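The next block holds one structure in the form of structure tokens; read it before the comments.
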Amino acid sequence: MANDASTVFDLVILGGGSGGYAAALRGAQLGLDVALIEKDKVGGTCLHRGCIPTKALLHAGEIADQARESEQFGVKATFEGIDVPAVHKYKDEVISGLYKGLQGLVASRKVTYIEGEGRLSSPTSVDVNGRRVQGRHILLATGSVPKSLPGLEIDGNRIISSDHALVLDRVPKSAIVLGGGVIGVEFASAWKSFGSDVTVIEGLKHLVPVEDENSSKLLERAFRKRGIKFNLGTFFQKAEYTADGVKVTLADGKEFEAEYLLVAVGRGPVSQGLGYEEAGVAMDRGYVLVDEYMRTNVPTVSAVGDLVPTLQLAHVGFAEGILVAERLAGLKTVPIDYDGVPRVTYCHPEVASVGITEAKAKEVYGADKVVALKYNLAGNGKSKILKTAGEIKLVQVKDGAVVGVHMVGDRMGEQVGEAQLVYNWEALPAEVAQLIHAHPTQNEALGEAHLALAGKPLHAHD
């Protein structure tokens, strides 16, 4: 292994996804000499196979729905179907533009970019392309891949992952989506908009089960109205090929058939065979274990992103990567409050939240110390104009701060910015109620909800 002993980087990053490239950009900005190693393309899953392409598909689906439903707004339009190659062209142009911009950023910050498959060879080195890259500190950021269930093989033919779903050359006539979490409901929503017959199978008792139960119920109601079928509370048993598709059998014997089976049961860390354990890094079920400052048990090694057991969100990866870079540069850093991270599911309608659920608040503070208020979007002018339904639910510690904001409705992901300030700044309902929200906006609904919680409702019943 060739070793260029004359070059010892301040920081060597293995993985150029959200966490890795954020650490590289911030580290270089702070004067660190940074090497970034990536086997595929900088941007990782989020840019190339995750957040960005799925949201492009969902927006295309939204346009299709608007074309179908245009007459209810007094606009006569005809919907002639989905041009799949053109949808992919649109999606790929979005990705390409962002990718070029990111490549430019990496180059402008003078990050040493090394394309190749790296392997941790010691607590202070990574081997890549027959070369040993040395660093005073190593950051592991190798991300995640779609995972499956025991006995269920994702073959890319009729049993597919989200990676395969993003490049399908046609709209499925019918699809079973195994998993009712974020990935599952987003694909179910997009495919329904494209004209597919979709059934979601979720073993737990609700769709998006980590969200507040009220949000889950609102989404289920909306999916029923859209004709998206779902089966809850029974786990998967087996899948087998039929003459023209796939048959799925559940633990209670119930059977479902469709052209495709999308396995959306989560993502697992990419860590096998990369030298982590040999270098002494503590692991658990493939995840790298870290403390609140993203430090592993090995002093010269940190880890961020989907590789560690925190929220699998691109913006969490960004924050964790920045935290590591700033810590190594000697800045004072503050651990991330993961409850204070905004979470958005971009199905139709959207589900957005920040803070803790009502159930969690009762567990933490006691049932008698928790107040919850629901504000129906029916009272919001802009939501009426958009013909979207849903609610904003606030969870408050009695006579104290708002500790949870849970929203369902079209475009609610765009309202979560203020919601995260409410939670993270420990705002009292009366303090938010004093702020004047623009009319007519959907953002106004957040203000109205706090007015109601402060005891002075305007466009809401007492």
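What you see is a predicted model, and the numbers here were worked out from it, not measured in a lab. Note that the numbering runs from 1 along the sequence shown for the chain.
- Using a 4.0 Å cut-off between charged nitrogen and carboxylate oxygen, Asp197 and Lys229 count as a salt-bridge pair.
- Salt bridge present: Glu358 and Lys393 bring a charged side-chain N and a carboxylate O closer than 4.0 Å.
- From Arg343, atom CZ reaches atom CG of Leu313 across 8.5 Å, with rounding to the nearest 0.5 Å.
- In the model, Glu220 has a side-chain atom that pairs as donor or acceptor with a side-chain atom of His206 under 3.5 Å.
- Asn214 and Glu391 share a side-chain donor-acceptor pair at under 3.5 Å.
- The 12-atom threshold is exceeded at CD of Glu292, counting heavy atoms of other residues, nucleotides or ligands nearer than 6.0 Å.
- Salt bridge Glu444/Lys382: absent, no basic N to carboxylate O contact under 4.0 Å.
- Side chains of Tyr293 and Thr333 form a contact here, defined as non-hydrogen atoms less than 4.5 Å apart.
- Using a 4.5 Å heavy-atom cutoff, the side chains of Leu219 and Glu211 are not in contact.
- Annotation: the span from Leu25 atom CG to Tyr21 atom OH amounts to 7.5 Å, rounded to 0.5 Å.
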Would you list the atom pairs, donor with acceptor, under 3.5 Å between side chains in residues 83-96 and any protein atom, with sequence neighbours excluded?
unit_1, atom_1, unit_2, atom_2, d
Asp83, OD1, Ala86, N, 3.3
His88, NE2, Leu168, O, 2.7
Lys89, NZ, Glu93, OE2, 2.8
Lys91, NZ, Leu166, O, 3.4

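- Around atom CZ of Arg224, more than 12 heavy atoms belonging to other residues, nucleotides or ligands sit under 6.0 Å away.
- Between Arg327 and Ser302 there is a side-chain heavy-atom pair separated by less than 4.5 Å.
- The shortest side-chain heavy-atom distance between Val208 and Val185 falls under the 4.5 Å cut-off.
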Evaluation steps, salt bridge (Lys or Arg N to Asp or Glu O under 4.0 Å), between Arg158 and Glu259: CA-CA 7 Å; Arg158 297 287 179 174; Glu259 185 182 9; 3.4 Å; yes
Arg411 and Ser383: CA distance, side-chain angles, deciding distance, side chain to side chain donor-acceptor pair (under 3.5 Å) verdict: CA-CA 9 Å; Arg411 305 188 185 183; Ser383 295; over 6 Å; no
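- Ion pairing between a basic and an acidic side chain is recognised when a charged N comes within 4.0 Å of a carboxylate O; Asp212 and Lys374 show no such pairing.
- Glu418 and His437 share a donor-acceptor pair across their side chains, judged by distance under 3.5 Å alone.
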